[in-house]
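Naming convention: chains lettered A, B, ... in sequence-line order (proteins, then strands); numbering from 1 in each chain.
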There are 2 protein chains.
Amino acid sequence: MRIVTVAAAQLGPIQRAEPREAVVARLMALMEEAHARGADLIVYPELALTTFFPRYYTTDAAEIDGWYETEMPGPATRPLFDLARRYRIAMYLGYAERTPEGRRFNTAILTDREGAIVGKYRKVHLPGHGAYDPERSFQHLEKYYFEPGDLGFPVWRNLGGIMGMCICNDRRWPETFRVMGLQGVEMVLLGYNTPSTNSQKPEEGPEKRLFHSNLVLQAGAYQNSTWVVAVAKAGLEDGHPLIGGSVIVNPDGEVVASAQTEADELLVHACDLDDTVFGKQTIFDFARHRRVEHYGRITAQTGVVLPTEPKA
Amino acid sequence: MRIVTVAAAQLGPIQRAEPREAVVARLMALMEEAHARGADLIVYPELALTTFFPRYYTTDAAEIDGWYETEMPGPATRPLFDLARRYRIAMYLGYAERTPEGRRFNTAILTDREGAIVGKYRKVHLPGHGAYDPERSFQHLEKYYFEPGDLGFPVWRNLGGIMGMCICNDRRWPETFRVMGLQGVEMVLLGYNTPSTNSQKPEEGPEKRLFHSNLVLQAGAYQNSTWVVAVAKAGLEDGHPLIGGSVIVNPDGEVVASAQTEADELLVHACDLDDTVFGKQTIFDFARHRRVEHYGRITAQTGVVLPTEPKA
């Protein structure tokens, strides 16, 4: 047995006017509870320090800059890192990153028990669009506010296991899980902010959105025999609803814990990393069963190439 | 609307002693029903002409040869092709193939409305093992009886749409669906024979096996915005149980029809191929969202490459 006790720290909404310090106080309250419940690792959502700002279109540079962190930890987040070090709790934290060169990424970091950052991930699969779209019921401007991540999908040894990270829409792409699976990942951590309706299909509501979220998380876990910890920012942010549905999924693809609210809520589960072994050695023993000679299109082409049309 | 009315023709068990002609008579009875219910396409299981023989270990060449077809159609299957042509029903049929050179594959063919074979697929992901294994509660000798397929995952234009094929264990591998998705597939056809218990984990029974089957089919459909038609050979073959659970899955990943028995049973559903368009143009617009520069491991390595160990 290699137990990692994980706390999935779902956040309720963060209103646009809520200051960083108030958000960090909420994160610290969840960490206090995680400590009390014996957690080794706490997982926060994507963009855990701000509202989900890609729903707003603005060209106001000062307003935009206000949503990004230029250092991690910075003055507002240092108390969270100090508390993590005191409790010896490792942490996944999502935030908007602005680099010294002015590049912008949708980022998550992973810390060890000493509160040191051991890994950084930048979201690869940015959904949505890059310019204001009057056709949508609300904006989803991730391609406007961020560059695609440039760090790939690495994994890190932490807490006695092999951990990987991804963010939100990455979970819908089986390539995300497979690249980590090919590095022996035992636990995938991810945060998300998922609108409760599809901005291009208003009749697609929260029930369908939760179904799709669980479907891809469970498939990713099963097909790579890995734990998956998926954590939402949820609820009504200035009138815009986000789904909850944070879950912990075992390497058999089963949901073992799920959030019941759209508020700040902690799920705690003792995950045995050795539960990943059976699948990795049998049905998903990649070395024995994968046939890469037939997978060429997956890396050779980005978009669809249709078969030739029949002759007229 | 581009409606293809599909008949998923689940088969109950085929006992070892059941002659080909008796099996073909069952296939034809299902085709009669499919015709009466307006089907354009009928989908039969994997190895639809014999018992699931990879559970038996033998070196008796005559017995082994008896399980394979050397021509398609052959004398026993020609009446089925004739009936298909008469009813103008296209067909997916799985069978064991022996080539003139003596090569052996787990194969499926696709016919058009004229009963002409327009596509052939040979199973790429062979599960199980290549030599007798005394540790298992029963054998799963696909790697003994077959070579891995050598035709990749092509797609074919048929019935006004783009169709792909795979077989059984192929469905557990997201690469299968993705390679077809990258060719614009609108309907994936597959047959399966899935034992009701895991030969290496006896406590894993039919409920879990059905869960995994649906999970991967639904994820493959959603993540590629394609219809999936999955058809079982089910029930007790000479004492060895196979799951049923044949399903038709829509491009949103939802099960729209599912078998209720482990016997010969027909599911009919009118599938609109235009239902694939929304997903392919939005969240799964591959050209806009995929990032192949980070997928290299998927084709560059077959097995797991672990991250470097920490220094001692």
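- Of the atoms belonging to N169(B), it is side-chain heavy atoms, and not backbone ones, that fall under 4.5 Å from chain A.
- The most heavy-atom pairs under 4.5 Å with chain B, out of K143(A), K280(A), E293(A), come from K143(A).
- With chain B as partner, the option from F153(A), F286(A), W173(A), F211(A) having the largest number of non-hydrogen pairs under 4.5 angstrom is W173(A).
- Below 30°, between 30° and 60°, or above 60°: for Y222(A) and H212(B) the angle between ring planes is below 30°, a parallel geometry.
- Using a 4.5 Å cut-off between heavy atoms, I162(A) touches chain B through its side chain atoms alone.
- Interface remark: of the candidates K201(A), R288(A), E204(A), K201(A) forms the most heavy-atom pairs closer than 4.5 Å to chain B.
- Within 6.0 Å of the CD atom in E207(A), the count of heavy atoms belonging to other residues, nucleotides or ligands does not exceed 12.
- The closest side-chain heavy-atom distance from R291(B) to D170(A) is not below 4.5 Å.
- Within 6.0 Å of CD on E135(B) lie no more than 12 heavy atoms contributed by other residues, nucleotides or ligands.
- When heavy atoms are compared at a cutoff of 4.5 Å, P307(A) approaches chain B by way of both its backbone and its side chain.
- When side chains are defined from C-beta on, M180(A) does not count as touching R297(B), because their heavy atoms never get closer than 4.5 Å.
- Heavy-atom pairs under 4.5 Å with chain A peak, among T299(B), V292(B), V304(B), L182(B), at L182(B).
- The greatest number of non-hydrogen atom pairs below 4.5 Å with chain B, out of L215(A), T176(A), D285(A), is found for L215(A).
- Interface residue I283(B): backbone and side-chain heavy atoms are both found under 4.5 Å from chain A.
- Of all heavy-atom pairs between Q183(B) and L306(A), the closest is O-CD2, 3.9 Å.
- Counting heavy atoms from C-beta outward, F284(A) and R172(B) have side chains that approach closer than 4.5 Å.
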Audit row: R178(B), Y295(A), side chain to side chain donor-acceptor pair (under 3.5 Å) steps and yes/no: CA-CA 9 Å; R178(B) 186 60 102 224; Y295(A) 302 162; over 6 Å; no
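- A donor-acceptor distance shorter than 3.5 angstrom exists from the side chain of H294(A) to the backbone of G149(B), with no hydrogens or angles considered.
- Contact of P127(B) with chain A is made through the backbone alone, with heavy-atom distances under 4.5 Å.
- Interface remark: of the candidates P174(B), G152(B), A287(B), G184(B), P174(B) forms the most heavy-atom pairs closer than 4.5 Å to chain A.
- Ranked by heavy-atom pairs shorter than 4.5 Å toward chain B, the options V185(A), T282(A), D150(A), D252(A) are led by D252(A).
- Ion pair E254(A)/K208(B) flagged as a salt bridge, since at least one NZ, NE, NH1 or NH2 atom sits closer than 4.0 Å to an Asp/Glu carboxylate oxygen.
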